[in-house]
Each structure stands twice: as C-alpha cells, then as structure tokens.
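Notes follow once the structure below has been shown.
Scope of the values below: all heavy atoms of this structure, side chains included, with no hydrogens, waters or symmetry mates. In this chain, residues are counted from 1 in sequence order.
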Amino acid sequence: MNSLKVAVTGIGILTSIGHNKEEVFQNMLDNQTGIGPIQSFDVQEFISQIGAEISSFQPSDHFTPEEQKGLDRCAQYAVVSIKEALEEARVDQTVEKTIGLAFGTCNGGLNSLEEQRALQELDLEKTRNYPFYQQGDVVAKYFGLTGPVITLNTACAASGNAIGYACDMIRHGFADVMIAGGSDSMSTSVYAGFNALKALNDQPCSPYNEQYGLSLGEGSAFLVLEPLEKALARDAKVYTIVEGYGLSSDAYHETAPQPEGQGIRKAVEMAIEQGNISKDEIDYINTHGTGTKANDPAELRGLRAYFGKQFDNIYVSSSKAYFGHNLGAAAAIEYATTLLALEQGLLPATLHFSQAREGCNHPKLVTNEMKSYKPKYFLCNNSAFGGHNSSILSKNVYHPAFSPATITTSSAEEKKRIGVYGYGTIHRLADHDGTLLSNLHQDSPTTFQLDFSLKEYNRSLYERRMNPLTQYSIAACDLALKNTSLSNIDNEQIGLVYGTSRGSLKSAEKYLGSILERGAGNASSVYFPDMVLNSTAGKLAKKFGIKGFSSSHSSGGIDGLQAILYGMTSILDGKQSTVLVGAGDERSGLSDEIDRAMNLQNSSYEIGEGSTFILLADTKVAEEKGLDPIATIEGFGQAFSGQNDMDQTIQHAVEQCLQNANLSEDEIDFIFYHNNNVTDIDAFLQLKERLGHIPVYTLNHLCGYMESNGSLFHAQVALELLALPKEEQQSMIHAFGWPKNDLRTGLIITTSINGNSMAMAIRK
C-alpha cells in the first residue's frame, strides 16, 4: 500500500443549519435541527411534509445571471462550499498546477430536468445541466482545475467514495491537491420516491430511536486534500489525516441493507487494514444511521460482528438529525462536521432521541447533545441504495498523543504489476463469445442499436423489468468471467468498478413518467431504485456475488478508462487482488434529448450502445497459478481543461501517462483514440500530425460513439490485437493500414465532451 499521508486542510459546508462551517457548527453545538416544513414544493399528498431545506439561499448573492444559467442548484451549492474550503486551505493555483475534483452526488442535475415537466422536446440549455457528470465538470471549469475530474455516483455513499478516490489520486501521483466532497439539492421526484417506499418519517428523524423513518435534506460539503508533508511545510491548518478507506458491496438488495451488516463490516475492515492500525484503537464511529427500520440495526450488527466485545467501548452517533439525510452529500457533510466537532474536543450527537428501539441498543450512543471526548482514531461510515458502502478511517490530530513528529510511514513495498486476464463485450459487432476483432472490418451494421435479450442469453441472470443497460452489463460481465484464464475465483473476494455517464435513462423515463401521468403522490416504487446511477453496479454485484471493493462513477466520455484506473489503484493498495472493471451505454428517447443538449448529434458518428468488461489481477497472484496476462497495464495519465483546449489537455494526459509508465514515445507502437468528433476534431488531427510516426486510429466510425463504454471497447480491441499470434497480428496490421511489423505496446486515449482526457499504456 502507498504510505503517503493525506491531510485535510480546508472545509466548506452549506446545509439547512448554516451557510458556512461556523454557522453549522454553532447550531450543532446548540442542538439545533434544520428539519422543518418543506417550502419548495407541495407535499400534501405525501406521508411526510418535512425535510431539511437550505433557507435563504439566493443564487444571485453568489453568481451572475449568466453563471446561474449554466449551474444547476446542485452545482451552485458545490461552488459555494468549495470557495470556503479553498479560502481556508490557502491553495495557490499558480503554484499547485494539478488540482483535481472528486464530486459525489445522488441526484446530479435532476432539478434542471424536473422543472421542465416533460421528457420530450426539452429545453437544450436546461437539459445540458442535467447529466450527473455535468455537475463535477462545470464546477471544475468554474475553478479552472486541470487535474483528475470525476463524479462518483454511488448514491448515499458517493461523497465518502469521492474522498477515498481523491486520496488515491494524491497517493499515486496523479494530483498535487484534490477537492473532494458532495452536493445534492432537494428534489420533488426523489422525495416522491422515498414516499413511495414508505421510508419517510412525519417527525424529525432520530436514528436508533423508537420512532423510525428518515428525513430528507439537501446541502454540500467539500474538503481540500493534500500530502501531509506539503501541508506541514507551508504551515497549513490540518484538520485530520486520512489513514485509509474501504468500499464494499452488499450484493443483496436494491434498497435494503444486508440484515447482518456484512457490507459495512467489510468496508470498515478494508479501511482499518489500509491504515495499518489495530481495530482496538478506534474510539468513535459516525455511522450512516438513516433512522430507517432496516438500516440502523443492520449497521450496528455489522460493526459488532467486526469489533466484538470492544464495540461496547466505542462511542457511536449519527449526525442526520441535525441536517437530514443529504443523499450523495451525506458522507462529506457528516465527515466535515465530525472534523469541526473534534477540533473542539467534542463528538456529534444523535438528536431527538428518547429510547432505543429493538436491535439499536448501544451503551455508548451519543444522544441529544455533544459529548466531550477526544478519540485517537475514528471512522465515518455510509451506505447506499444499490448496496454500496464506504468507510473512512482518520487520525484525530487533536488527540493529546498526536504530534507531527510521531507520524511514521511504512517502508516501500515491491511495486505490483497489474495484468488483464479476461474480457467480454455485448455490442452489434461482438461475437457470441464476446470478442470483437474478427468483425471489425466486416461491413458495418446499419444501426448500432442493440437487439439483445438477457433472458435469451441466460435466463438465470435475467429479472423481470430489468432495463437494457443492466442486461448488457450483466452479459458482458458474464463473458469476461467465462473468458478469463484465472480459475477458481472466489467472487466474494473480487472488486467491481463500473462506469456509466447516464445510467438507465429508460428506467428514468418510466419513473419520471409515472409522476407526470399520475402525480408525485403516486410515483412508481418499482422504477425509483433505478434512478440512482449505481443501480446497475448493484445488480451486477448481486447477480455474481461480488462483495469486494465496489464503486460506480460518471465522467461523460472517459468512464471506461477511469474504471480501469480505479480498479488498478485498488489492487496496488492491497484492497483486492482481482477486480472486474466495466462500462455501459443504453439508448433511449431521453438519451437522445441529452445528445442534442450536449451537441453530440453534431458528431459524424452514430450513437451506439453496449457494454464491455475486463478482468484485472495482481500478476504475482496469477503467476502463482502459472498464468501469464494477456497484457499488463503500464500507466495512466489524465487532465481536464474547462477551456476545451483539447490538444493541450491530451498532451498533458499522454505526457503523464508515459512518465507514469516509464515509457518513451518511441516505444509506443499504436494509439487507439476514442473521440467524440465534436469538441476534439482539431485535437485528433493535431495528435496524428504530432505523432506521425505512430499509427493513430479510432474505431468509432466502425462501432458508433459510446460515451461511457467507448474507451473500454477500444481497450479490448487493443488487448485482442496484442494477444494474436505473430502472423495473424501482421494480417490485422495490414487491414488497419499501419506501417508496422509487430505490436507490443499500445496507448488508449479518450476524451469527453466537456474537456476531460485520459491516456492508458498497455504492453504485451
């Protein structure tokens, strides 16, 4: 595991109990709640009429009229809290050249879609604000960031996931500074969905209390993260040191937690193992604690199972009674406010508490008012629809025993190598076994829309009302597992990283359509769970029993390569030895509307759909079984440009990739470029001119443009090329028209419509 210590040096927060961290903490200290009557929409037809809204927020106080047009409410909240965090951290953007953003959200720009009250002939400007990845991208553009930019969509664990991802980007040298957190705004359709599930409380929520039910909230919190050594050198304020984090999947149910809390237990175990501390050193846990009948006791059971008798000595509380359940922003808000409390030697409380209900008794539950205590180490846990869990392990710098002089780093470990051991694709050009190469130079299909049935592929994997995206992805994942050279894999020990820019918009159409047709009080409880973009990853985990490191993300064009990178870092950090990484796209009427809004209809490529999965593993683990990889992942590079100067952005990504891989430009035999052909037309031509000695080729004219899956599709074709015997490889080289005799090292480049770029080097 990488031993670089990561410090939190800035906090910004916006919630129902305050518009900045001073207001928020003072109201917490006064035991105030922000949960009250909903004002922003009619709630008469719901079982609850309360929530935690941000009052007195005026966009005009923070943004020009032109800025407001390009920022959904979710993004506006994020900008406000990030400004506060950057100001406190005193980040000098003229010095720190590579600053990235990890943005967690559950709803994304849903408000921009809701307010149109329609699903066809949508307003282009408003619809452009809708895609989930758009929130992170427009915020990164607002602040002029150039480092890694990603949106984590793991529902209510998203911003905890974002903090972990940001730490990885720093530890593995992809960013000098990361901004990480989450934002979500109050949504009529999301409120209607929780109402349909009968999960709401008509009284302010009180986790673990005898009366159960949650209170929805809205808000934003972001942290500035940087290497501890750098923070100390510039005398920055240090709130905490992030020692480790864990992610897991319940592989159990779309909306209900695994009853024994096995998922959260695994996430906690992973975090503590990465931190290389004893579990006996944990003194406090800020739990997810939604207040629902199923979540609260399950979480406590999972924690007790892991900690044993020691659990009775650990202080526990849930912060949601202060500011409601903030969905994708929940983890960041709860983590940030825990840091504010620990700075004052206090632990956050669980408000409105009278008596513990069955299964929720705990001798050290902090209730109704903050408690004076200084833990040495603490955890912040969160769980989500789709079965995703996150746990962040941190060191309390306000503990009496803490001193920068006591910080130690572990000795350097032998660098692991990551190999590819299987792949599979569902696409119009794919063979029945999931391979692609033999069909690439046949006549292109007249349409890239899929006519695929998972029920016909494998009835046992299908479920009633399963959306196309999930069907494609399950089948591609199954093919990758069938095609792997690794045998006897314990699926419970496999990780899963999945990229989807939009999720299933067919499911979104059905859910939002139920509201438009029948009213919010009659929203569909069947289609609501698929509104969260991580639902496909959750179904994949359930179908294949995958319970390890688990994440889902959006980026609007580079999702596939980001999935490989995140899977790779999880292996490098010792969290998993084997990880499935995949991506998928699904076409629909609403997807076509988004294509218009994002100008993708101007591309010369037809829009395609499908899914690709590849299996990554630690080569040492595979070698012990006598197996060689198809190819190895040598390195990555990534960059963002809010100015859409794609040529320069691609150059930065390629340079970082070659440096990361310890390769020279002359060692690259070919480049596959997944381009959108809208914002990167000139960049593609400039890349081919600049690297004239290297074949630069795109497959999108053959396979269609797939926003999420395109880069993984290109990666699989590259892997198949490298795996060919020499004579067959030369035949394919001739078909491509490349002046090469042998292919050993390839580069995959991908760009997004908003100015994101990644590069990956692979070697035979």
Measuring from Phe222:CZ to Ile82:CD1, what's the distance to the nearest 0.5 Å? 4.5 Å
Might you point out which heavy atoms bring Gly181 and Ala162 nearest each other, and give the distance in Å? O-CB, 3.7 Å
Closest non-hydrogen atoms of Ala537 and His388, given as atom of the first, atom of the second and distance, are CB-CE1, 3.8 Å
Partners passing side chain to side chain contact (heavy atoms under 4.5 Å, CB included) against Ala622 (at least two apart in sequence or in another chain): Tyr421, Leu486, Leu627
I'd like to know if the side chain of Asp573 and the backbone of Lys575 have a donor-acceptor N/O pair within less than 3.5 Å. no
Return yes if some donor-acceptor pair links the side-chain N/O of Ser394 with the main-chain N/O of Val242 below 3.5 Å, else return no. no
Checking the side chain of Thr649 only, and the main-chain atoms of Asp645 only, is there a donor and an acceptor separated by less than 3.5 Å? yes
Would you check if Val420 and Ile762 make a side-chain contact, meaning some heavy-atom pair closer than 4.5 Å? no
Considering only heavy atoms from C-beta outward, does the side chain of Glu720 approach that of Leu436 to under 4.5 Å? yes
Is the shortest side-chain heavy-atom distance between Met646 and Ser757 below 4.5 Å? yes
Residue pairs fulfilling salt bridge (charged side-chain N to carboxylate O under 4.0 Å, His left out) with at least one residue in residues 670-695, sequence neighbours excluded: Asp647-Arg690
Are any side-chain N or O atoms of Asn700 and backbone N or O atoms of Tyr705, one a donor and one an acceptor, separated by less than 3.5 Å? no
Give me the atom names and distance for the closest heavy-atom approach of Gly556 to Ser752. O-CB, 3.1 Å
Which residues pass the ring-ring contact (aromatic ring centres under 6.0 Å, His included) test with Phe670, sequence neighbours left out? Phe672, Trp738
Once side-chain hydrogen bond (donor to acceptor under 3.5 Å, both in side chains) is applied, do any residues pair with Asn677, and if so which ones, sequence neighbours excluded? Ser604
Before giving the answer on side-chain contact (heavy atoms from CB on, under 4.5 Å), spell out for His674 and Ile748 the whole-Å C-alpha distance, their side-chain angles and the decisive distance to 0.1 Å. CA-CA 8 Å; His674 169 52; Ile748 315 298; 5.9 Å; no
Output, in order, the C-alpha distance, side-chain angles, deciding distance and verdict of side-chain contact (heavy atoms from CB on, under 4.5 Å) for Leu247 and Asn161. CA-CA 7 Å; Leu247 300 175; Asn161 194 163; 3.5 Å; yes
By side chain to side chain contact (heavy atoms under 4.5 Å, CB included), Asn662 pairs with (sequence neighbours left out) none
Straight-line distance of Cys167 SG to Glu243 CD, nearest 0.5 Å: 10.0 Å
Scanning both residues in full, the closest heavy-atom pair of Ala7 with Val238 reads CB-CG1, 4.0 Å
All heavy atoms of Phe103 vs all of Ala78, minimum pair found to be CE1-CB, 3.5 Å
How many angstroms lie between CZ in Arg502 and CZ in Phe132, if you round to the nearest 0.5 Å? 12.5 Å
Rounded distance [0.5 Å steps], CG in Leu496 versus OG in Ser552: 8.5 Å
Ignoring hydrogens and angles, tell me if any N or O in the side chain of Asn756 forms a donor-acceptor pair with the backbone of Val149 under 3.5 Å. yes
Apply the test side-chain contact (heavy atoms from CB on, under 4.5 Å) to residues Val717 and Leu437: give CA-CA distance (whole Å), side-chain angles for both, the deciding distance (0.1 Å), then the verdict. CA-CA 6 Å; Val717 173; Leu437 203 54; 3.8 Å; yes
For the aromatic rings, using the six-membered ring if either is Trp, is the centroid distance between His553 and Tyr133 under 6.0 Å? no
Take Leu145 and Ile179, measure what side-chain contact (heavy atoms from CB on, under 4.5 Å) needs, and give me the verdict at the end. CA-CA 10 Å; Leu145 306 184; Ile179 302 164; 4.1 Å; yes
For Tyr245 together with Tyr165, are the ring centres under 6.0 Å from each other? no
With sequence neighbours left out, write down each residue that passes side chain to side chain contact (heavy atoms under 4.5 Å, CB included) with His734, or none if nothing qualifies. none
Are more than 12 heavy atoms from other residues, nucleotides or ligands located less than 6.0 Å from atom CG of Asn741? no
Taking Thr619 for its side chain and Arg417 for its backbone only, find out whether a donor-acceptor pair lies under 3.5 Å. yes
Side chain to side chain donor-acceptor pair (under 3.5 Å) between Thr500 and Ser708, intermediate numbers included: CA-CA 5 Å; Thr500 176; Ser708 299; 4.6 Å; no
side-chain hydrogen bond (donor to acceptor under 3.5 Å, both in side chains) filter on Ser390, not counting sequence neighbours, yields none
Side chains of Met598 and Pro131: does their closest heavy-atom pair fall under 4.5 Å? yes
Side-chain heavy-atom pair Cys703, Phe713 within 4.5 angstrom cut-off: yes
About how many Å separate CD of Glu655 and CD of Glu665, when rounded to the nearest 0.5 Å? 9.0 Å
Got a sec, which residues hit side chain to side chain contact (heavy atoms under 4.5 Å, CB included) with Arg763, two or more places apart in sequence or on another chain? Thr632, Glu634, Leu663, Glu667, Thr745
Would the distance check show the side chain of Asp585 and the main-chain N or O of Asn709 forming a donor-acceptor pair, the cut-off being under 3.5 Å? yes
For Ser183, does its backbone N or O pair with a side-chain atom of Thr105 as donor and acceptor, under 3.5 Å? yes
Would you say Glu623 has more than 12 foreign heavy atoms packed within less than 6.0 Å of its CD? yes
Using modelled atom types only, decide if a donor and an acceptor are shared between the side chain of Gln135 and the backbone of Gly108 within a distance under 3.5 Å. no
Thr536 and Tyr498: side chain donor to acceptor below 3.5 Å: no
Any donor-acceptor pair under 3.5 Å linking the side chain of Asp669 with the backbone of Arg744? yes
Lys230 meets the salt bridge (Lys or Arg N to Asp or Glu O under 4.0 Å) criterion, sequence neighbours left out, with Glu96
4.5 Å side-chain heavy-atom contact, Asn754 and Lys141: no
Residue set satisfying ring-ring contact (aromatic ring centres under 6.0 Å, His included) with Phe549, at least two apart, ordered chain then number -> Tyr566
All salt bridge (Lys or Arg N to Asp or Glu O under 4.0 Å) counterparts of Asp176, not counting sequence neighbours: none
Close side-chain approach of Gln93 to Ile99, heavy-atom, < 4.5 Å: yes
Which atom names give the shortest non-hydrogen contact between Ile749 and Ala759, and what distance separates them? CG1-CB, 4.2 Å
Do Thr612 and Gln716 have side-chain N/O donor and acceptor atoms under 3.5 Å apart? no
Within this structure, what is the CD1-CG distance for the pair Ile546 and Leu481, rounded to the nearest 0.5 Å? 6.5 Å
Those residues that, when tested against Asp92, pass side-chain hydrogen bond (donor to acceptor under 3.5 Å, both in side chains) (two or more places apart): Thr94
